[in-house]
Student: 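A single structure is presented below for examination.
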Amino acid sequence: MSAAPVGEVIARLKREYPDAKTALNWSNPLELLVAVILSAQCTDERVNRVTERLFRKYRTAEDYASAPLEELEQDIRPTGFYRNKARAIQGMARALLERHGGEVPKTMEELVALPGVGRKTANVVLGNAFGVNEGVVVDTHVRRVSRRLGLTSSDDPEKIERDLLPQVPEEERTLFAHLLIFHGRRVCKARRPDCPGCVLNDICPSSGLSGKPS
DNA sequence: CTCCCGATAT
DNA sequence: ATATCAGGAG
C-alpha cells in the first residue's frame, strides 16, 4: 500500500480541525518553553493545570534560577518525572541568564544547547513562539500517525523529521504537527484507532488493520 | 539501552 | 493490571 499524499492529508485534516493549535497555555516564550519541558510523557491538560499556578509564582528566568530545587519539584510534581524536569527547568533558566540575558534564544543551535531542551522542544518553541519553521515537530502523536499514513517507516524521531521535511511545505510545518496531534488524540489513537470514522480512511495504508500498532 | 514518574483511560 | 501521555539525559 502506498503512502498518503501529504497535501491531501493537510487539506482534509484542516477541514476536520479548523482550530488546531497548541493546547498548552502560555503568554510568552519562557512560559511556552517551561510548558513544553513539563509536557514530556504527560497530557497537555495536566500541564495546564500545573502551569496555571506555576506561572503566577515564577515570572522570569531569575525566579526559576533562584528557587530552592525541592520547592520547584513540588510545584511541578503532578506532571511526573518531576526531579528531572525541575533540574532541567532550573538549569535551563540559569543558562538563559548566563548566555542570553534571561531571554529565550531564537535559533535551533542555541535552544538545543539548553539543559532539558531537545529537538522536539526546540521545534515547538521556534514554530509557535517565533514563527520559525525550519523543522518539523515530531512527538509521540506525529510519530505514530506519520508511520500509519506511510509518510515514514522509521521509528527514530530525527529520521522521521528528515523524511517529513521535504514532504511538508515550510509555511505549513507548524500547522501540520498540530493537525496530526489533534487527529492522533481524537481518531488515530495509540490504543484503539477509529479507522471507520477517519477522514483519511481511503488514502491510509493502515486503514482496515484498525488496531495494528505503528 | 535504561532511567525518570504521576495521572488517566481501557 | 497495563498502556499511554506535545521527551531528554546518561
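Here is how names work: the chains are called A, B, and so on, in the same order as the sequence lines, proteins then strands, and each is numbered from 1.
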Student: Please determine if a side-chain N or O atom of A:R49 lies less than 4.0 Å away from the OP1 or OP2 oxygen of B:dT8.
Tutor: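 For A:R49, the contact criterion (side-chain N or O under 4.0 Å from OP1 or OP2 of B:dT8) is met.
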Student: Just list the side-chain donor-acceptor pairs under 3.5 Å for residues 114-122 of chain A, sequence neighbours left out, or say none.
Tutor:
from, atom 1, to, atom 2, distance (Å)
A:R119, NE, A:E161, OE1, 2.6
A:R119, NE, A:E161, OE2, 3.3
A:R119, NH2, A:E161, OE2, 3.1

Student: Which listed nucleotide (C:dC5, C:dG7, C:dA6) is nearest to the side chain of A:R144?
Tutor: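 Side chain of A:R144 sits closest to C:dC5.
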Student: If I take atom CZ in residue A:R46 and atom P in nucleotide C:dG7, what distance separates them, rounded to the nearest angstrom?
Tutor: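 Taking CZ of A:R46 and P of C:dG7, I get 12 Å after rounding.
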Student: Per the side-chain contact (heavy atoms from CB on, under 4.5 Å) rule, which among A:L38, A:L54, A:L33 passes with A:I89?
Tutor: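 Among A:L38, A:L54, A:L33, the one that satisfies the side-chain contact (heavy atoms from CB on, under 4.5 Å) with A:I89 is A:L38.
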Student: Of all residues at least two apart in sequence or in a different chain, which pass the side-chain contact (heavy atoms from CB on, under 4.5 Å) check with A:C42?
Tutor: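 Here the qualifying residues are A:R46, A:V47, A:T79, A:K85.
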Student: Does A:F176 have any ring pair (Phe, Tyr, Trp, His ring centres under 6.0 Å) partners at least two apart in sequence or in another chain, and if so, which?
Tutor: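 Partners of A:F176 under the ring pair (Phe, Tyr, Trp, His ring centres under 6.0 Å) test: none.
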Student: Rounded off to whole Å, could you give me the CE-to-C1' distance for the A:M92 and C:dG7 pair?
Tutor: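 From A:M92 CE to C:dG7 C1': 14 Å.
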Student: So if I take residues 127-139 of chain A and measure heavy-atom distances to DNA chain B, which residues fall below 4.0 Å?
Tutor: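 Hits under 4.0 Å, by residue number: none.
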Student: Go through A:E103 and A:L30 one step at a time and tell me if the side-chain contact (heavy atoms from CB on, under 4.5 Å) criterion holds.
Tutor: CA-CA 8 Å; A:E103 300 295 308; A:L30 178 61; over 6 Å; no
Student: Please determine whether any donor N or O and acceptor N or O are separated by less than 3.5 Å between the side chain of A:R191 and the base of C:dT4.
Tutor: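 It does not, because no donor-acceptor pair links the side chain of A:R191 to the base of C:dT4 below 3.5 Å.
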Student: Residues of residues 74-90 of chain A with any non-hydrogen atom less than 4.0 angstrom from an atom of DNA chain B: list those, numerically ordered, please.
Tutor: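 The stretch gives A:R77, A:P78, A:G80, A:F81, A:Y82, A:R83, A:N84 as the residues lying under 4.0 Å from the strand, ordered by number.
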Student: Residues of residues 16-45 of chain A with any non-hydrogen atom less than 4.0 angstrom from an atom of DNA chain B: list those, numerically ordered, please.
Tutor: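 Listed by number, they are A:Q41.
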